[in-house]
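Right, one structure below, let's go through it.
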2 protein chains.
Amino acid sequence: MTRQMHLTVQLISGYGLEPAAWRWPGIDPASFINADVFVKAAQTAERGRFDALFLADTPVLSTDVATAPPQQALEPIVTLTAVARETERIGLVATSSTTLNHPFTVARQFRALDLVSQGRAGWNAVTTSHPGALLNYGTGVPSRGERYERAHEFIAAVMALWGSWEDDALIMDKEAGRFADASRVTPVGLAGRHVASRGPLGLPPSEQGQPVVFQAGGGLNGLRLAGRFANAVYNNPFDIPSGVEHAAAVAQAASTYGRSPDHMTVFNGIITSVASTRKEALERREQLDALGDLETKVAYLGQQIGVPLSIEDIDKPVHQSLLENARANPADPRSPLALELAGEGLTVRRILAHGTMNYHPVALGTPDEVADILQRWHEAGVGKGFNINPDATDGLEHFVDEVIPILQERGLFRREYAGTTLRDHLGIPRQNGLPAGYGQHVGAAS
Amino acid sequence: MTRQMHLTVQLISGYGLEPAAWRWPGIDPASFINADVFVKAAQTAERGRFDALFLADTPVLSTDVATAPPQQALEPIVTLTAVARETERIGLVATSSTTLNHPFTVARQFRALDLVSQGRAGWNAVTTSHPGALLNYGTGVPSRGERYERAHEFIAAVMALWGSWEDDALIMDKEAGRFADASRVTPVGLAGRHVASRGPLGLPPSEQGQPVVFQAGGGLNGLRLAGRFANAVYNNPFDIPSGVEHAAAVAQAASTYGRSPDHMTVFNGIITSVASTRKEALERREQLDALGDLETKVAYLGQQIGVPLSIEDIDKPVHQSLLENARANPADPRSPLALELAGEGLTVRRILAHGTMNYHPVALGTPDEVADILQRWHEAGVGKGFNINPDATDGLEHFVDEVIPILQERGLFRREYAGTTLRDHLGIPRQNGLPAGYGQHVGAAS
Ligand SMILES: Cc1cc2nc3c(=O)[nH]c(=O)nc-3n(C[C@H](O)[C@H](O)[C@H](O)COP(=O)(O)O)c2cc1C
Ligand SMILES: Cc1cc2nc3c(=O)[nH]c(=O)nc-3n(C[C@H](O)[C@H](O)[C@H](O)COP(=O)(O)O)c2cc1C
């Protein structure tokens, strides 16, 4: 097996991961509506030979816009089409919901993106549990069981529609007047409990056949979906052991459906804060924190370690008398690290700078230190991939210019793209239509 | 009132209007999947100061792919996003169905296109009657009444979602940490019989507020929809009187809803075949016909004039003995022209070249002759606009280089864009949200 890792990059709505990144110097405060920001970032990531740019997406305004931009980019298909036209190799992965859309639209839009990008599209299929998003679509709130049953039908329908236009159907012989082999362009006639579509699609396969399917979240339900259909999975482990466990479960799920675990990549979410020294990286994070809602953060740190803390304590270590009664909150896996740092006598501000409250682990420090962290996770077997979340978007350039060369030096990351499509980058075979053997393992579905 | 006309251009799937145009010299046979074709055409049309590029769309494969490409482009949002990034002024109008989509998706994707193009987007809202398209979406076949009832709710929901982010809500004060005025970003809480959406949208208005709404087809139902919501209408009259009649009905429909008829443009579909001489234009059309299904065309011409005709008759005039019993088919308004040309002794091939079987009137001849035809229609009062359908895509260049300068010379068409947005081009005011006075004329809706 190759020693190399796979990398996608995520910029949320264009500013980077930290909620206050929109206020960071050099960041365009209008990034969430500026496709140029995504184009430029994708070009930077392509220079760094990233596998793909990734757009998560939940169609709901979930932030308080008084102080923070929306959490989703412009619109995934529009944004990635703009990026496709101004990049050459990097993959383009957009999230689209199996609960809120129709398979014909998803099949058509992602195939169009795949054609425009010459085989670089990926579809992150999620079931969307956010009640606000469901209200935007007036669908009521389906049960988890309903959502995942629909997701199985939905992805099967999309893949069947993709396969409805077979490889080599297109002839385009102007002389003879033969446009296509009509026997290779056929209806799929799918009708399930939740979705139905006749087909065929009006678009032929791309250079990679069909877009790569990604899957994210959903516990056991998500694993079944991934095992049956996906070639890549997003995961958000807080530590290495849970990352390793999930990667093993993903491999197992693929095997259950008769699919090769080698054709699965698990992308683990990591936040990066890179600087010339570890101290500068921490200071960068402190400055980013200072632009956001520090009060809430301090109070929540108090809950993590079980002591009362308020904003007045920000530049002091946690008092010794409090530390004696402190203990890690068992409901939050990040709490032991917070407690440990408090015990070392760091100020509250500095503890927060370590990312004890972030949604992903934070890889911070010098380029070498950040590379070390990725290498440690990678070699432990977390599934070969990382979804890099720069703290603020300018952090992507630091990562590409300083961390990537180290990973390449160590033989952990490609120096050049081996091929032109996203499937090439991920080392997975061409596919157009449902997975080989689909339906033979249906018993495993529920 | 201005003497000037408005022009959009339509290329179907990139080849131009004639079904066999994909075989025409110089045309890329893969145009239907090649966004470059649309980008280049849009740049040409922009050089000619066209109001907009228009993509009709019915999500179904309705042609026989053995001999002809699909009738719709790649995918409207993807195609127009590519075009938006590589043009500066021309409007971008995509068709999207109120029967097959969800308002939140339409509101979001068209707003994203409007932002990416800096205020140049338009939405042609159609109800989609094609049974194949309905089957692709597994929706069954709603009655016409249901389709139009849903369309009213749907367009209102889309406009309300657009208006859910008010003008000037965006602040983006990095220093003070104020991103937006949250009191101007509010839910719409819409729930009708067919669609529901809570909102708000996560995207602010563009330079023109919201995309321009176009409407197409549907008789009286369509007129009501247009009168209530649209600023532009597509119409396919076969002759000037029916064009004038429809334009008057559109103006009347606007007035019924308390909206200004001056803010309505009706785009009449016209096919253009331009050459140095009238004879060359006819020969060009004969050559295009010869690449297609001539047999069917000849037989149908026979039906139009009530005589038996077959492919062997192609290079002969209709025989005198047949002409004596010929009469125009009352079911097809193009039949009198066919009969007249037959009476003049033209060969069958030459009769067909006049476009007696085309879905739109054909303006053919020298640049001056084509300009004359447009002027005649325009001055008769068909609604100020034309949707130009070049016979094959290279015809767009002839039109821009040769016909446009004549129209400009005659004061019938702009020499420069007066503004930057599609609303500027059409001479209609900024709008963000439902039309002023919406709801006061509800009685007129049904
Ligand atoms: C790494 C990761 C990324 C996710 N990305 C998205 C996303 O972009 N959009 C979305 O609606 N949900 C996203 N989800 C949510 C999942 O699809 C899922 O709904 C969630 O984990 C709740 O689980 P449930 O579906 O079992 O209720 C993501 C989950 C994970 C773990
Ligand atoms: C000029 C014109 C353009 C149209 N463009 C489209 C289109 O792009 N897609 C579509 O589905 N229907 C299109 N239609 C069809 C109409 O929306 C409508 O469905 C059709 O006229 C049938 O009428 P009905 O809706 O009353 O059944 C168009 C109609 C006209 C007259």
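Naming convention: chains lettered A, B, ... in sequence-line order (proteins, then strands); numbering from 1 in each chain.
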**Complete:** Cut-off 4.5 Å, heavy atoms of chain A, and the answer for Ala169(B) is neither
**Request:** Heavy-atom pairs under 4.5 Å with chain B are the metric here; pick the option from Ala66(A), Ala112(A), Ala196(A), Ala182(A) that has the most.
**Result:** Ala66(A)
**Prompt:** Hey, which of Gly138(B), Ser13(B), Ser197(B), Gly202(B) has the most heavy atom pairs under 4.5 Å with chain A?
**Reply:** Ser197(B)
**Under 4.5 Å from any heavy atom of chain A - which part of Ala68(B)** = backbone
**Request:** Find the one option among Ala82(A), Ala35(A), Gly177(A) whose heavy-atom pairs under 4.5 Å with chain B are most numerous.
**Result:** Gly177(A)
**Message:** Does any backbone or side-chain atom of Val78(B) lie under 4.5 Å from a heavy atom of chain A? Answer side chain, backbone, both or neither.
**Reply:** both
**Fill in**
Note: vs chain B, highest number of non-hydrogen pairs under 4.5 angstrom among Val65(A), Leu61(A), Leu135(A), Asn136(A) is Asn136(A)
**Message:** If we define contacts as heavy-atom pairs under 4.5 Å, which of Leu115(B), Leu291(B), Leu203(B) has the most with chain A?
**Reply:** Leu203(B)
**Asked** With a 4.5 angstrom heavy-atom cut-off, which part of Ile77(B) approaches chain A: side chain, backbone, both or neither?
**Response** side chain
**Request:** Before giving the answer on side-chain contact (heavy atoms from CB on, under 4.5 Å), spell out for Arg85(A) and Val39(B) the whole-Å C-alpha distance, their side-chain angles and the decisive distance to 0.1 Å.
**Result:** CA-CA 11 Å; Arg85(A) 298 277 305 174; Val39(B) 170; 3.6 Å; yes
**Request:** Name the region of Ala73(A), side chain, backbone, both or neither, that has any atom closer than 4.5 Å to a heavy atom of chain B.
**Result:** backbone
**Request:** Report the option among Glu86(A), Gln72(A), Gln71(A) that has the most heavy-atom pairs separated by less than 4.5 Å from atoms of chain B.
**Result:** Glu86(A)
**Prompt:** Heavy-atom distance under 4.5 Å to chain A: side chain of Ala176(B), backbone, both or neither?
**Reply:** backbone
**Request:** Check whether Val188(B) gets within reach of chain A through its side chain, its backbone, both or neither, counting any heavy atom under 4.5 Å.
**Result:** neither
**Fill in**
Interface check, chain A: of Leu100(B), Val116(B), Thr105(B), most non-hydrogen pairs under 4.5 Å belong to Thr105(B)
**Asked** How many angstroms lie between CG in Leu80(A) and OG1 in Thr81(B), if you round to the nearest 0.5 Å?
**Response** 10.5 Å
**Fill in**
If you tally heavy-atom pairs under 4.5 Å between each of Pro76(B), Ala180(B), Gly292(B) and chain A, the highest tally belongs to Ala180(B)
**Fill in**
Of Leu161(A), Asn34(A), Asp36(A), the largest count of non-hydrogen pairs under 4.5 angstrom with chain B goes to Asp36(A)
**Request:** Return the minimal non-hydrogen interatomic distance between Lys174(B) and Gly26(A), and the atom names on each side.
**Result:** NZ-N, 4.1 Å
**Item:** Heavy-atom closest pair, residues Pro70(A) and Phe179(B)
**Value:** CD-CE2, 3.9 Å
**Fill in**
Bottom line for Leu201(B): the part with an atom under 4.5 Å from chain A's heavy atoms is backbone
**Message:** If we define contacts as heavy-atom pairs under 4.5 Å, which of Gly199(B), Ala84(B), Pro69(B) has the most with chain A?
**Reply:** Pro69(B)
**Prompt:** Between Pro204(A) and Phe32(B), which heavy-atom pair has the shortest distance, and what is it?
**Reply:** CD-CZ, 3.7 Å
**Message:** If we define contacts as heavy-atom pairs under 4.5 Å, which of Arg198(A), Arg108(A), Met172(A), Arg178(A) has the most with chain B?
**Reply:** Arg108(A)
**Request:** Could you look at Asp173(B) and say if it's the side chain, the backbone, both or neither that has a heavy atom under 4.5 Å from chain A?
**Result:** backbone
**Item:** Test item: Arg23(B) side-chain N/O and Glu175(A) main-chain N/O as donor-acceptor pair under 3.5 Å
**Value:** yes
